[in-house]
Amino acid sequence: MTTTKQLVAEAIGTFFLCFAGIGAIVSTSEPISSGAGLVGIALAHGLALSIAVSIFAGVSGSHFNPAVTIGLLSTGRIAPPLAMLYIGAQLVGATLAAAACNVIFPTDAVNAAQLGIPLPADWVTVPVLLLTEFILTFLLMISIFGTAVDGRAPSMKLGGFAIGLTVAFDILAGGTVTGASMNPARSFGPALIHGNFAFHGYYWLAPIAGAVAAALLYHFVLLDEETK
């Protein structure tokens with residue numbers, strides 16, 4: 001029963017993030033043209049993630065991201081079988097969010113925004129794509145370890161607020177470069193529904209590498225032995 005609750009929490013939490021993010025992106029396109037811009041898109045992702053983390057941290061640990069789950073797996077904080085189930089639940093949540101946005105918003109706006117699929121700008125090379133997504137996810141994973149894993153300063157924890165803000169500033173910094181996915185599920189859901197898997201493998205490879213690098217660095221270098 002506990003595993004079922006964890007998986008439901010992961011699916012709903014990922015839905016929070018992806019529905020808000022995709023909806024914000026599609027809303028900036030014609031004929032809606034909300035005018036939210038990159039700041040609005042960053043806030044939508046950041047606020048949704050902050051809320052979801054705050055709601056579900058006590059149920060599933062609030063991963064909502066295959067890269068985060070694999071990063072935590074690399075330091076032994078989740079068992080491999082449960083990690084695979086978490087990733088499956090995250091992909092389901094992201095796909096349902098993309099499907100909902102595909103139905104809710106006008107076809108012209110959906111097509112103009114490519115259903116909010118994170119994609120590189122025309123001038124971005126593959127090495128730049130990989131480096132950018134690596135850095136953005138590295139910073140996100142450091143934030144997660146510092147606020148949700150490291151227990152040395154519990155009175156100063158900001159939890160979901162800090163993690164959401166990290167996503168927001170990552171989007172402000174890298175959104176015009178790669179779409180600032182940082183999350184294979186966030187890329188997978190709209191890619192599946194919209195039928196566009198261009199560059200998709202890179203949006204798994206780089207975030208996972210960034211998350212694992214950050215997790216290993218924090219675990220082996222920054223954590224004290226008694227807090228591991």
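Computed from a prediction, not measured in an experiment: that's the story for all the values here.
Note: the hydrophobic cluster containing Val53 does not contain Phe19 (ILVMFWY, side chain heavy atoms under 4.5 Å, direct or indirect links). Hydrophobic clustering (ILVMFWY, side-chain heavy atoms < 4.5 Å, transitive): Ile171 and Leu119 are in distinct clusters. Residues Phe56 and Val92 do not share a hydrophobic cluster, clusters being chains of Ile/Leu/Val/Met/Phe/Trp/Tyr side chains in contact below 4.5 Å. Residues Ile22 and Phe188 do not share a hydrophobic cluster, defined by chaining ILVMFWY side chains whose heavy atoms lie under 4.5 Å apart. A chain of hydrophobic side-chain contacts below 4.5 Å, direct or via other Ile, Leu, Val, Met, Phe, Trp or Tyr residues, connects Leu139 to Leu172.
Distance alone, capped at 3.5 Å, places no donor-acceptor pair between the Thr132 side chain and the Leu129 backbone. Under a 3.5 Å cut-off, the side chain of Asp170 and the backbone N or O of Met182 do not form any donor-acceptor pair. Remark: side-chain polar atoms of Asn183 are paired, donor with acceptor, to backbone N or O of Phe64 under 3.5 angstrom. Between the side chain of Thr75 and the backbone N or O of Leu72 there is at least one donor-acceptor pair closer than 3.5 Å. Between the side chain of Ser62 and the backbone N or O of Ala57, at least one donor-acceptor pair lies under 3.5 Å.
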Report task. Using the side chain to side chain contact (heavy atoms under 4.5 Å, CB included) rule, take Phe199 and Thr178 through it: C-alpha gap first, then chi angles, then the decisive distance, then the call. Result -> CA-CA 10 Å; Phe199 302 98; Thr178 64; over 6 Å; no
**Report entry** Working for side chain to side chain contact (heavy atoms under 4.5 Å, CB included), residues Phe16 and Ile55
**Finding:** CA-CA 11 Å; Phe16 261 81; Ile55 293 170; 3.8 Å; yes
Requested in this report: Before giving the answer on side chain to side chain contact (heavy atoms under 4.5 Å, CB included), spell out for Ile87 and Ile70 the whole-Å C-alpha distance, their side-chain angles and the decisive distance to 0.1 Å.
Outcome: CA-CA 9 Å; Ile87 292 170; Ile70 294 171; 3.9 Å; yes
**Report entry** Candidate pair Met141 and Leu217, rule side chain to side chain contact (heavy atoms under 4.5 Å, CB included), full reasoning
**Finding:** CA-CA 10 Å; Met141 197 68 189; Leu217 174 67; over 6 Å; no
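Between Ile78 and His63, the closest side-chain pair of non-hydrogen atoms falls below 4.5 Å. Looking at heavy atoms from C-beta onward, Glu30 lies out of side-chain contact with Asp108 at the 4.5 angstrom threshold. Counting only heavy atoms from C-beta outward, the side chains of Thr28 and Ser33 never approach each other to under 4.5 Å. Counting only heavy atoms from C-beta outward, the side chains of Leu192 and Phe197 approach each other to under 4.5 Å. Counting heavy atoms from C-beta on, the side chains of Leu222 and Asp150 never come closer than 4.5 Å.
Considering every non-hydrogen atom in both Ala24 and Ala44, the closest pair reads CB-CB, 3.6 Å. In terms of heavy atoms, Val110 sits closest to Cys101 at CG2-O, 4.2 Å. Scanning all heavy atoms of the two residues, the minimum distance from Pro207 to Pro184 falls at CB-CD, 4.1 Å. Between Glu10 and Ser60, the shortest heavy-atom distance links the atoms OE2-OG, 2.7 Å. Contact between Ala211 and Ala67 at its shortest, heavy atoms only, is CB-O, 3.2 Å. Scanning all heavy atoms of the two residues, the minimum distance from Val26 to Ile32 falls at O-CD1, 4.3 Å.
Evaluation of the side-chain hydrogen bond (donor to acceptor under 3.5 Å, both in side chains) rule for Ser50 yields no partner, not counting sequence neighbours. For His200, the side-chain hydrogen bond (donor to acceptor under 3.5 Å, both in side chains) criterion is met by Trp204, not counting sequence neighbours.
Taking CG from Leu130 and OG1 from Thr125, the interatomic distance works out to 8.5 Å, rounded to the nearest 0.5 Å. Of the inter-residue distances, the one linking Leu38 atom CG with Thr176 atom OG1 reads 6.5 Å to the nearest 0.5 angstrom. Taken to the nearest 0.5 Å, the CG atom of Leu7 stands 11.0 Å off from the CD1 atom of Ile12. Gln90 contributes atom CD, which lies 10.5 Å from atom CG of Leu17 (distance to the nearest 0.5 angstrom). Here the CD1-CZ distance, from Ile25 to Phe105, works out to 10.5 Å after rounding to the nearest 0.5 Å. Atom OG1 of Thr137 sits about 7.0 Å away from atom CG of Asn65, to the nearest 0.5 Å.
Using modelled atom types and a 3.5 Å distance limit, the side chains of Ser181 and Ser187 yield a donor-acceptor pair. In this structure, a donor-acceptor pair under 3.5 Å is present between the side chains of Thr166 and Ser143.
Within 6.0 Å of CZ on Phe169 lie more than 12 heavy atoms contributed by other residues, nucleotides or ligands.
Applying side-chain contact (heavy atoms from CB on, under 4.5 Å) to Glu133 and the options Phe138, Tyr203, Tyr202 leaves one that passes, Tyr203.
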